[in-house]
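Working notes, structure below.
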Amino acid sequence: GMCGTGKDTAALILQEELKKVGIKLELKNAGDFFRGVAKEMGYDNLDEFSEARSKDEELAKKIDIRLDETILEHGLKNGGIITSRLSIGVLGDEADIRIFILADVDRVAERISKDENRKDFNKPKEEIKSRFLNRNKSDMETYEKLYNIKYSEVETRNSLVIRNDGTKEELRKQIKEIVVIVSGLI
């Protein structure tokens with residue numbers, strides 16, 4: 001899913017619910033991989049790494065390629081649950097199950113503005129919404145440039161699509177239904 005749709009929350013819930021039926025999977029998100037690549041490239045400070053990436057297109061390409069390699073290597077070697085906006089392009093058919101999280105942009109802005117752990121906590125919803133739309137536009141361009149995937153095709157390239165416009169409890173209910181189905185297939 002795109003930024004703010006609840007990928008990490010959904011992944012944590014999925015991990016918890018799978019554990020309840022005896023399936024233990026490691027959870028890694030794109031940030032874990034990003035920090036690892038930063039360290040591998042000699043950056044201890046993520047802000048400096050991100051700034052260097054934003055100022056140098058060649059470095060950005062090198063970082064993106066290394067990030068993709070790291071995610072793919074981890075996915076193939078260790079499996080588990082991997083959250084990332086662009087992992088569908090990286091893992092493709094290598095992933096056993098691909099879940100895409102959708103959420104209404106107004107609902108995303110509302111959730112982010114109320115989340116004390118976010119840098120946009122208490123910011124105006126319209127400002128958050130604008131940043132969300134701009135970031136997603138950039139991601140969509142990256143999907144197409146790096147992976148030749150048009151955003152309109154993203155939903156169809158996933159095994160499942162979850163709408164996350166409600167509460168965390170509603171999200172958990174959807175994920176429990178998925179776990180029941182998946183655990184019955186194993």
Side-chain angles (χ1 to χ4, degrees), residues 1-15 27-35 37-38 46 49-50 53-54 60-61 63-65 67-68 70-72 74-75 80-175 178:
M2 294 304 190
C3 65
T5 56
K7 293 177 302 299
D8 289 334
T9 300
L12 281 168
I13 293 170
L14 178 61
Q15 183 184 41
L27 171 60
K28 297 277 275 186
N29 68 38
D32 297 329
F33 296 107
F34 191 75
R35 283 184 287 281
V37 169
L46 275 184
F49 182 61
S50 295
R53 183 183 183 277
S54 70
K61 285 179 187 175
I63 290 169
D64 286 344
I65 289 168
L67 194 55
D68 289 352
T70 305
I71 291 171
L72 183 58
H74 179 84
I81 300 168
I82 299 174
T83 64
S84 166
R85 288 188 303 280
L86 301 176
S87 60
I88 183 179
V90 177
L91 294 171
D93 292 335
E94 297 299 327
D96 293 323
I97 297 174
R98 295 174 307 277
I99 301 172
F100 191 75
I101 311 291
L102 284 174
D104 176 75
V105 68
D106 290 312
R107 182 69 176 113
V108 169
E110 181 183 331
R111 269 200 300 256
I112 290 173
S113 73
K114 293 179 181 177
D115 185 345
E116 294 177 3
N117 297 316
R118 297 270 193 160
K119 66 180 179 180
D120 289 331
F121 174 64
N122 269 341
K123 289 196 176 168
K125 289 179 196 153
E126 286 306 313
E127 179 183 331
I128 295 170
K129 185 176 171 179
S130 174
R131 287 179 49 175
F132 171 89
L133 293 171
N134 288 335
R135 187 169 175 188
N136 286 342
K137 181 178 183 252
S138 172
D139 284 349
M140 288 180 238
E141 290 167 359
T142 302
Y143 267 132
E144 193 158 355
K145 183 170 65 173
L146 294 180
Y147 311 110
N148 198 28
I149 298 173
K150 291 183 176 32
Y151 184 72
S152 59
E153 300 170 356
V154 170
E155 285 183 53
T156 62
R157 290 185 177 226
N158 286 281
S159 310
L160 301 164
V161 177
I162 296 175
R163 286 246 25 130
N164 186 21
D165 295 325
T167 64
K168 191 173 180 179
E169 292 73 30
E170 291 168 327
L171 178 61
R172 182 176 297 278
K173 183 179 177 198
Q174 290 182 71
I175 291 171
I178 292 166

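Here the structure is a predicted model, which is why all the values come from computation and not from measurement.
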To the closest 0.5 Å, what do you measure between OG1 (T70) and CD1 (I63)? 11.5 Å

To the nearest 0.5 Å, atom CZ of R98 lies from atom CD1 of I82 at 13.0 Å

For N117 against D115, the heavy-atom pair lying closest together: N-OD1, 2.9 Å

Tell me the closest heavy-atom pair linking A10 and I101, and the distance in Å. CB-CD1, 3.8 Å

Who pairs with L12 by side chain to side chain contact (heavy atoms under 4.5 Å, CB included), at least two apart in sequence or on another chain? Q15, L27

What is the minimum heavy-atom distance between F132 and V105, and which atoms define it? CD2-CG2, 3.0 Å

Applying side chain to side chain contact (heavy atoms under 4.5 Å, CB included) to E110 and not counting sequence neighbours gives R107, K114, K125

Which heavy-atom pair separates A11 from I81 by the least distance, and what is that distance? CB-CG2, 3.8 Å

Which residues pass the side chain to side chain contact (heavy atoms under 4.5 Å, CB included) test with I178, not counting sequence neighbours? L160, I162, V182

Nearest non-hydrogen partners of M2 and N136, listed with the distance: CB-OD1, 3.0 Å

Give, for atom CG of D165 and atom OG1 of T5, the distance between the pair rounded to the nearest 0.5 Å. 10.0 Å

Minimum heavy-atom distance between K129 and A109, given as atom pair plus value: N-CB, 4.1 Å

Determine the sole option in L133, N134, I128 for which the side-chain contact (heavy atoms from CB on, under 4.5 Å) test with S130 is passed. N134

Could you walk me through whether T9 and K168 pass the side chain to side chain contact (heavy atoms under 4.5 Å, CB included) check? CA-CA 8 Å; T9 300; K168 191 173 180 179; 3.9 Å; yes

Is it the case that more than 12 heavy atoms not belonging to K173 sit under 6.0 Å from its NZ atom? no

I need the S84 OG to K7 NZ distance, nearest 0.5 Å. 8.0 Å

Distance, nearest 0.5 Å, that separates CG of L14 from OG1 of T83: 11.0 Å

Return the CG to CD1 distance between N122 and I112, rounded to the nearest 0.5 Å. 13.0 Å

Taking Q174 for its side chain and L171 for its backbone only, find out whether a donor-acceptor pair lies under 3.5 Å. no

Stepwise salt bridge (Lys or Arg N to Asp or Glu O under 4.0 Å) check, D104 with R163: CA-CA 8 Å; D104 176 75; R163 286 246 25 130; 5.3 Å; no

